[in-house]
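Structure, as structure tokens:
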Protein chains: 2
Amino acid sequence: MVRDKSLRETLHTSGRRLTRQRRLVLKVLEESREHLDAEGLHDRAKALDPNISLATVYRTLVVLKEMGLVEEHRLGEGHAHFETTQKTPHYHFTCSGCGRVIEFDAPQVVEVLRRLSKQQGLQVTSAHLLVTGLCARCREEGETGPGWGQ
Amino acid sequence: MVRDKSLRETLHTSGRRLTRQRRLVLKVLEESREHLDAEGLHDRAKALDPNISLATVYRTLVVLKEMGLVEEHRLGEGHAHFETTQKTPHYHFTCSGCGRVIEFDAPQVVEVLRRLSKQQGLQVTSAHLLVTGLCARCREEGETGPGWGQ
DNA sequence: GTCCATGCAAACTGTTTGCACGCGC
DNA sequence: GCGCGTGCAAACAGTTTGCATGGAC
């Protein structure tokens, strides 16, 4: 794999190593275009390496976040979801009926941030627009009994 | 207190009661214009009623959220912050240096949401723009050693 | 008097950490 | 072979819950 080489080098500059587990976590993240949480990530990784531990998944996520390869989002609930960093910024709508996540872009947000930094003299490092509600499908099903996954 | 009456009535319609503790939690929330977390809320409440328990604070927050009087935000960290619902929507900037929270408005967001609902046929129930970075003060102190509270 | 709300402690969830061993470089 | 990374289990933080008692209405 070509990317392995540059990945290894990036890790190396901070005295870190490219291990089977780190490669695996990144692979799983890249291949699933959903917003997995640590547990889901661990499950998928275990399918390929039954010995990988949840602790390693968490530790790897810290490293990948530091490298800027992965972003962490709190999509409303108490636990975090992870996705590989995209070139174009995008935001998340979470359906409170079925849990589906819809990504969307909104260029106006960048303008909001620009104005905010200028007015307050501050420096923005990350921004996220988090929307919740009912998706089209769940709206149709009405108030009575969406598929709460149960 | 005048508001007590309507509060009691609202609670009553869902078979609930207005207790000393519920009144107290709401009072503390209204009087502090900061973004308290459950623990901070509990501390302040204890100053007025040393017997109030953290569990009651949490249970009361659930009720107040259901009534629409209180909003819960995850300002980046792992735990939640709470504030009374404001008439004007507003969003939060959190300084990763000193932890300070700056509120700001951004009318463009409403437009984003309108477009999103229309295009996707979905219904928005809540939206939050969450920004992190360095506030003006912490920027001045430079990269080397902001006051990380320690 | 009824039934919801409270306090306490224990359970639970998501995440982090200490330690001895394993493996990348 | 040095030293970071791993697996495991225990620790931890934030939040929720079961149960017996207390208090609102």
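The model shown is predicted, which means the values in this text are computed figures rather than measured ones.
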Taking atom [atom2] of [N] as reference, at what distance in whole Å does atom [atom1] of [X] sit?
X	N	atom1	atom2	value
A:Glu9	C:dC25	CD	P	11 Å
A:Arg74	C:dT15	CZ	C1'	9 Å
A:Leu54	D:dA10	CG	P	16 Å

- Between B:Ala106 and A:Val112 the two heavy atoms that sit nearest each other are CB-CG1, 3.5 Å
- Quick one: on DNA chain C, does B:Gly15 or B:Asn51 contact a more 5' nucleotide (nearest heavy atom)?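 By nearest-heavy-atom nucleotide position, the 5'-most residue is B:Gly15.
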- Query: Which part of the nucleic acid, if any, lies within contact of B:Asp37, taking any heavy atom under 4.0 Å across all strands shown: a base, the sugar-phosphate backbone alone, or nothing?
  - Reply: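 It contacts nothing in the nucleic acid.
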- Distance-only donor-acceptor check, side chains B:His79 and B:Asp37, under 3.5 Å: yes
Looking only at side-chain atoms of [X], point me to the closest of [options].
X	options	answer
B:Thr56	C:dG7, C:dC25, C:dG14	C:dG7
A:Ala80	C:dT15, C:dC25, C:dG14	C:dT15
B:Arg17	C:dT6, C:dC4, D:dC8	C:dC4
B:Ser53	D:dT15, C:dG24, C:dG7	C:dG7

- Tell me, which of residues 57-69 of chain B have any heavy atom that sits under 4.0 Å from an atom in DNA chain C?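 DNA chain C contact set from residues 57-69 of chain B: B:Arg59.
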- Note on the structure: Partner of B:Arg8 under side chain to side chain contact (heavy atoms under 4.5 Å, CB included), picked from B:Arg23, B:Arg16, B:Arg17, is B:Arg23
- Give a yes or no on whether the ring-centroid distance for B:His73 and B:His35 is below 6.0 angstrom. no
- When rounded to the nearest 0.5 angstrom, what is the spacing between CZ in B:Phe104 and CG in B:Leu129?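 Between atom CZ of B:Phe104 and atom CG of B:Leu129 there are 4.5 Å.
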- Message: List the residues meeting side chain to side chain contact (heavy atoms under 4.5 Å, CB included) with B:Ser32, not counting sequence neighbours, and say none if there are none.
- Response: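 By the side chain to side chain contact (heavy atoms under 4.5 Å, CB included) rule, B:Ser32 matches B:Glu34, B:Leu36, B:Arg44.
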